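I have placed the structure first, in the form of structure tokens, so that the comments after it can refer back to it.
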Amino acid sequence: LMHAAQGGHDLCAHALLENGAAVDATQEDGYTALTFACQNGHDLCAYALLENSAAVDTQNLKGFTALMYAAQNGHDLCAHALLNAGAAVNYAKSNGFTALMICSQNGHEWCAREMLRAGADPNKTRADGWTALMDACYDGHEQVALALIEAKADLEKQTLKGTTALMFAAQNGHEQVVRTLIENGA
């Protein structure tokens, strides 16, 4: 089942599930079929697994969930399926990283908006004090930053070292992000 999910072979996954394949079987590293499907953007496999009651929030040994992999890689349909199945949108790894922070870092606007609609906290901080807005601004992802601002992200929040989202955008030469932050009160 994991191999079918990893390769995006939804019809094979259906056949295996119909014949008793264990939907939540786990590899030694904590990966499940759902993790593989969402990491690789195979939404039809993800839907098949979720329809068969796959555990949504299983963490691998790295602390990643299927939602985090979907967020990292911008697999919007997988993220949507997971959120509709009740994925813990504010789950954080031991270092404080959330799926929203991961998709913000990588500039996946639709994924970020979907998570915010599902109740993701735009002001949640990591161990180092960073927020999703800081991640988006550091990397110049203006549309993600705008989505976070619309969701009431704190524009003045500071890292443990005293740096704000505006400072990160300016430091990295992201002029339009700087302008967007200023226009919104930073």
Side-chain angles (χ1 to χ4, degrees), residues 30 34-35 38-41 43 46 56-186:
L34 185 61
T35 308
C38 293
Q39 182 179 33
N40 294 299
D43 55 289
V56 162
D57 292 317
T58 301
Q59 303 153 26
N60 65 17
L61 294 182
K62 297 176 183 176
F64 269 72
T65 63
L67 182 60
M68 289 175 157
Y69 280 116
Q72 179 180 28
N73 297 314
H75 299 311
D76 302 334
L77 295 176
C78 289
H80 181 77
L82 292 163
L83 292 167
N84 281 346
V89 72
N90 285 309
Y91 160 77
K93 292 175 49 172
S94 60
N95 62 4
F97 267 91
T98 65
L100 180 61
M101 291 172 187
I102 293 167
C103 74
S104 296
Q105 252 182 359
N106 291 293
H108 302 303
E109 177 194 358
W110 191 91
C111 212
R113 288 187 183 278
E114 189 72 13
M115 287 185 210
L116 290 164
R117 275 192 288 276
D121 181 355
N123 293 307
K124 196 164 176 86
T125 58
R126 297 196 300 258
D128 57 7
W130 283 57
T131 64
L133 181 62
M134 292 171 188
D135 287 320
C137 293
Y138 184 90
D139 290 316
H141 302 302
E142 180 192 2
Q143 293 306 310
V144 175
L146 196 53
L148 292 161
I149 292 167
E150 290 167 1
K152 307 296 184 225
D154 184 348
L155 299 175
E156 300 305 321
K157 201 164 197 87
Q158 298 179 7
T159 66
L160 297 180
K161 294 181 178 181
T163 312
T164 65
L166 179 60
M167 291 173 183
F168 282 128
Q171 169 189 334
N172 291 308
H174 302 302
E175 176 194 353
Q176 197 52 48
V177 176
V178 168
R179 291 183 185 284
T180 296
L181 290 166
I182 292 170
E183 288 168 7
N184 284 280

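All values reported here derive from a predicted model rather than from experimental measurement.
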Check your understanding: When R126 is tested against each of D135, L160, T98, T131 for side-chain contact (heavy atoms from CB on, under 4.5 Å), which residue passes?
Key -> D135
Review point. Only one of N40, I102, N60, L82 forms a side-chain contact (heavy atoms from CB on, under 4.5 Å) with Y69, so which one is it?
Key: N60
Review point. Will you find, in the side chains of D76 and H80, an N or O donor that is under 3.5 Å from an N or O acceptor?
Key: no
How long is the straight-line distance from [atom2] of [Y] back to [atom1] of [X], given to the nearest 0.5 Å?
| X | Y | atom1 | atom2 | value |
| --- | --- | --- | --- | --- |
| T65 | Q39 | OG1 | CD | 11.5 Å |
| C111 | L83 | SG | CG | 7.5 Å |
| L133 | E156 | CG | CD | 10.0 Å |
| Q171 | Y138 | CD | OH | 6.0 Å |
| M134 | M101 | CE | CE | 9.5 Å |
| M68 | N73 | CE | CG | 13.0 Å |

If every non-hydrogen atom of [X] is compared with every non-hydrogen atom of [Y], which pair is closest and at what distance?
| X | Y | answer |
| --- | --- | --- |
| L148 | A136 | CD1-CB, 4.2 Å |
| K157 | N123 | CE-O, 3.5 Å |
| V89 | G119 | CG1-C, 3.8 Å |
| A85 | V56 | CB-CG2, 3.7 Å |
| C38 | A46 | SG-CB, 4.0 Å |
| V177 | A169 | CG1-CB, 3.7 Å |

Practice item. Identify, with sequence neighbours excluded, every residue that meets salt bridge (Lys or Arg N to Asp or Glu O under 4.0 Å) alongside D57. Key: none
**Study point:** Test salt bridge (Lys or Arg N to Asp or Glu O under 4.0 Å) applied to E142 - qualifying residues, sequence neighbours left out
**Key:** none
Can you check whether [X] reaches [Y] side chain to side chain, under 4.5 Å on heavy atoms?
| X | Y | value |
| --- | --- | --- |
| N106 | V144 | no |
| L166 | I182 | yes |
| L67 | M115 | yes |
| P122 | L116 | yes |
| L34 | T58 | no |
| E150 | R113 | yes |

Review point. Taking NZ, NE, NH1 and NH2 as the nitrogens, is one of them in E183 or R179 under 4.0 Å from a carboxylate oxygen of the other?
Key: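 Salt bridge between E183 and R179, a charged N being under 4.0 Å from a carboxylate O: no.
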Practice item. Please confirm whether the backbone N or O of W130 pairs with a side-chain atom of D128, one donor and one acceptor, at under 3.5 Å? Key: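 Yes, because the side chain of D128 sits within donor-acceptor range (under 3.5 Å) of the backbone of W130.
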Check your understanding: Any donor and acceptor pair, going by atom type alone, linking the side chain of S104 with main-chain N or O of L100 inside 3.5 Å?
Key ->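 At least one qualifying donor-acceptor pair exists.
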Check your understanding: How about F97: does its CZ atom have over 12 heavy atoms from other parts shown lying under 6.0 Å from it?
Key -> yes
Check your understanding: Between I149 and L155, is a side chain to side chain contact (heavy atoms under 4.5 Å, CB included) present by the stated rule, with each step listed?
Key -> CA-CA 8 Å; I149 292 167; L155 299 175; 3.7 Å; yes
